[in-house]
Amino acid sequence: MPLYQNQTLKIYNSLTGEKEIFEPLNDGYVGMYVCGPTVYSYVHLGNCRTFISFDLVFRYLKHLGYKVRYVRNITDAGHLENDAEEGEDRITKKARLEQLEPMEIVQKYTVDFHNTLQKFNNLPPSIEPTATGHIVEQIETVKSIIENGLAYEANGSVYFDVLKFNESEDYGILSKRKVEDLIANTRDLAGQSHKKNPQDFALWKKAEPQHIMRWPSPWGEGFPGWHLECTVMSNKYLGEQFDIHGGGMDLKFPHHECEIAQGTACNGKPPVKYWMHANMLTLNGKKMAKSTGNNILPVDLFSGDNEVLSKAYHPSVVRFFILQANYKSILDFSDEALIASEKGFEKLMNAIQLLEKLTTSKSSGIDVKAWKQSCYDAMNDDFNSPVLIAQLFEAVKYINACHHHKLELTQEDIQTLKTTMSDMCFDVLGLQKIDVESKVDSKQNELIDLLIDLRNQARAVKDFKQSDAIRDRLLELGVQLKDTAQGTSYEFSN
RNA sequence: GACAAGGUGGCUGAAUGGUUAAAGGCAACAGACUGCAAAUCUGUUUUUUAUGAGUUCGAAUCUCAUCCUUGUCUCCA
């Protein structure tokens with residue numbers, strides 16, 4: 001029997017503003033769509049937070065036994081620099097700047113995106129469709145919205161008629177905006193004259209002569225509007241209605257609002273049951289922006305080669321740090337906070353290793369089953385990973401106490417601890433043990449062992465000057481000695 | 001300016017009306033271990049929840065005002 005039949009999962013639905021009991025449209029199956037990146041630059045650390053948040057959702061749904069189809073797109077066309085008529089495609093602009101073919105740009109940054117997410121131990125989505133691979137479907141969707149009377153052609157472009165749509169439906173239902181307010185706040189930009197109303201958005205755009213990325217259509221040569229691809233690809237792979245749609249908070253308006261409008265205009269019903277939005281990441285309390293230098297690339301975070309942080313951080317530490325906050329909260333990225341997470345992460349991993357060495361007793365001093373359920377309760381409460389992590393540290397206390405013979409645990413309870421810790425840490429949270437041993441060859445290990453021997457000989461004759469010199473020199477080289485009752489061991493620090 | 005989400009201890013970050021009220025991690029302090037450290041383990045400490053008023057038997061949690069932060073309103077996860 002799958003786990004989800006015993007657990008009640010609640011999801012905070014941005015559409016209703018409430019935590020709702022999760023009931024998939026098809027029993028046992030979940031369709032989830034998350035807006036992927038526009039691959040015109042190196043992946044932004046904030047993007048990574050969003051994708052880690054939804055990786056957690058994906059992992060937990062799978063852990064509960066759902067069959068999940070997770071679709072995440074790659075935007076490789078249609079995303080304009082601005083909405084003005086002369087707006088340039090982001091990919092094309094970057095291609096011009098880097099003197100590359102647009103598809104070389106797409107390839108380069110898609111590879112970077114995949115590499116980075118893999119470092120964070122994100123699972124790949126079930127399907128990763130591209131906008132340029134679905135031009136035909138996008139044209140068909142535009143046609144059907146026109147047929148339904150909710151879009152119009154103007155000068156080779158096709159626009160969605162927001163006011164018309166709003167007569168029978170609610171444009172602004174997700175972002176809690178009123179069309180009247182939008183009208184009041186819209187400036188009259190020059191160059192938007194082909195639209196009936198300024199808040200209408202493009203479904204298809206006419207390609208100006210200098211535009212490289214272009215496709216033939218019933219309205220002339222052009223390219224699809226940015227909001228359209230997500231509607232079309234989610235519809236194609238998940239159906240007219242699906243369970244979960246995720247993305248960053250900043251996409252709520254206009255992007256997701258437009259998706260609801262497009263899907264409804266096309267199929268006569270809203271496309272998504274649960275909307276989820278991951279919040280933003282700030283750096284030292286301020287928003288990340290390239291222009292102010294308050295910005296960091298994942299690659300520089302892992303290497304330590306940056307102006308913002310004092311040292312390098314392992315991707316798993318960063319992931320752990322991110323999961324220590326709720327996905328709905330703004331999270332601030334700072335050196336101090338990362339150092340704290342790193343320590344906590346190591347403590348957690350140490351305890352998991354210790355789990356293998358515990359001695360069993362005839363009875364248990366604690367209720368391990370209740371603890372296990374509290375882990376699930378945390379995750380069932382809208383994927384509350386910080387509370388789950390607090391529970392895991394609760395187990396760390398048990399494990400250490402048992403190790404010091406201050407707490408008795410039965411073999412069965414130790415087994416429950418092992419499987420639950422492993423399930424939660426590695427399957428659900430997606431953490432990875434930092435494997436330092438593999439970085440070193442055996443020759444090097446032997447050399448360190450030799451030095452430890454020499455130091456212990458010195459200690460035996462109380463030549464502490466010599467022994468401390470060895471210890472300190474090794475530490476400088478990044479080898480941390482650990483004297484315990486069982487002898488001296490070491491690990492690599494950074 | 002409009003709209004949205006927030007402002008909790010030295011830092012990070014849970015908890016949204018109720019047992020002697022504020023999880024967990026880090027830091028600090030103490031103890032164990034050590035030749036001394038480090039590492040590890042154990043214990044302790046701090047705040048009264050931006051500010052001011054209100055609702056309530058009772059509020060961090062609801063209402064109002066003020067200040068501040070972040071986001072959206074043109075593209076952004």
Side-chain angles (χ1 to χ4, degrees), chain A residues 14 17 19 34-38 40-41 43-54 79-84 87-88 90 172 175-178 181-182 184-187 189 192 198-199 226 246-255 257 277-282 285-289 320-321 324-326 328-348 350-351 354 378 381 384-394 396-397 399-401 403-404 406 459-460 462-464 467-468 471-472 475 480-485 488-491 493:
Chain A
S14 316
K19 277 185 193 167
V34 172
C35 293
T38 302
Y40 69 105
S41 181
V43 63
H44 189 287
L45 192 58
N47 281 17
C48 294
R49 183 194 186 190
T50 298
F51 298 129
I52 288 170
S53 297
F54 289 104
H79 202 157
L80 299 187
E81 279 292 308
N82 58 60
D83 202 26
E88 192 172 10
R90 290 189 158 210
S175 57
K176 314 284 185 278
R177 282 159 205 254
K178 294 196 171 68
D181 293 341
L182 289 173
N185 282 322
T186 312
R187 288 169 300 155
L189 290 175
Q192 291 192 334
Q199 44 294 324
W226 172 47
M249 196 75 101
D250 50 352
L251 292 184
K252 214 170 178 182
F253 188 90
H255 185 58
E257 199 68 62
H277 289 96
N279 216 324
M280 302 290 111
L281 195 61
T282 56
K286 294 194 178 121
K287 78 165 181 178
M288 292 195 191
F320 182 69
F321 165 75
Q324 269 185 305
N326 193 296
K328 293 197 297 291
S329 310
I330 294 174
L331 175 62
D332 186 48
F333 210 82
S334 68
D335 206 38
E336 214 178 359
L338 278 167
I339 288 171
S341 282
E342 188 173 55
K343 288 239 178 184
F345 179 74
E346 282 167 5
K347 190 171 171 180
L348 186 60
N350 283 340
L354 210 56
D381 183 18
N384 199 335
S385 53
V387 170
L388 170 63
I389 289 171
Q391 289 302 328
L392 297 181
F393 279 108
E394 204 48 39
V396 168
K397 240 180 227 175
I399 292 165
N400 285 326
H403 182 242
H404 290 99
K406 285 177 181 161
R459 290 171 79 201
K462 297 200 188 308
D463 182 1
F464 296 125
S467 67
D468 287 355
R471 179 179 70 191
D472 296 344
L475 187 60
Q480 164 88 63
L481 297 189
K482 298 202 246 186
D483 293 325
T484 67
T488 306
S489 64
Y490 62 90
E491 71 179 31
S493 55

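Chain identifiers are assigned alphabetically (A, B, ...) following the order of the sequence lines, protein sequences preceding nucleic acid strands; residue numbering begins at 1 within each chain. Only heavy atoms go into these numbers, but all of them, side chains included; no hydrogens, no water, no symmetry mates.
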Notebook entry, point to check: Once each nucleotide of nucleotides 36-48 of chain B is scored for protein heavy atoms under 4.0 Å, what B/S/- sequence comes out, 5' to 3'?
Noted result: BBBS-SS------

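- In this structure, A14(B) makes no Watson-Crick or G-U wobble pair, since no nucleotide meets both defining distances under 3.5 angstrom.
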Checklist line | ring pair (Phe, Tyr, Trp, His ring centres under 6.0 Å) evaluation trace for F333(A) with F321(A) | finding: CA-CA 9 Å; F333(A) 210 82; F321(A) 165 75; 5.4 Å; yes

Review item, nucleotides 9-12 of chain B N/O atoms under 3.5 Å of protein N/O:
unit_1	atom_1	unit_2	atom_2	d
C11(B)	O2'	E336(A)	OE1	3.3

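- Candidate nucleotides G71(B), U70(B), A14(B) were compared by shortest atom distance to the side chain of D250(A), and G71(B) ranks first.
- With no hydrogens or angles considered, a side-chain donor-acceptor pair links D332(A) and T282(A) at under 3.5 Å.
- A donor-acceptor contact shorter than 3.5 Å is absent between the side chain of N47(A) and the backbone of V43(A).
- No more than 12 heavy-atom neighbours from other residues, nucleotides or ligands sit within 6.0 angstrom of NZ on K178(A).
- Picking from A4(B), A14(B), A23(B) the nucleotide with the shortest atom distance to the side chain of K176(A) gives A4(B).
- Using a 4.0 Å heavy-atom criterion, one finds that F464(A) contacts the bases of the nucleic acid, with or without backbone contacts as well.
- Residue N384(A) has a polar side-chain atom (N or O) positioned under 4.0 Å from OP1 or OP2 of A15(B).
- Remark: F51(A) pairs with F113(A) by the ring-ring contact (aromatic ring centres under 6.0 Å, His included) rule, at least two apart or across chains.
- If you measure from atom CZ of F320(A) to atom P of G24(B), you get 14 Å, rounded to the nearest angstrom.
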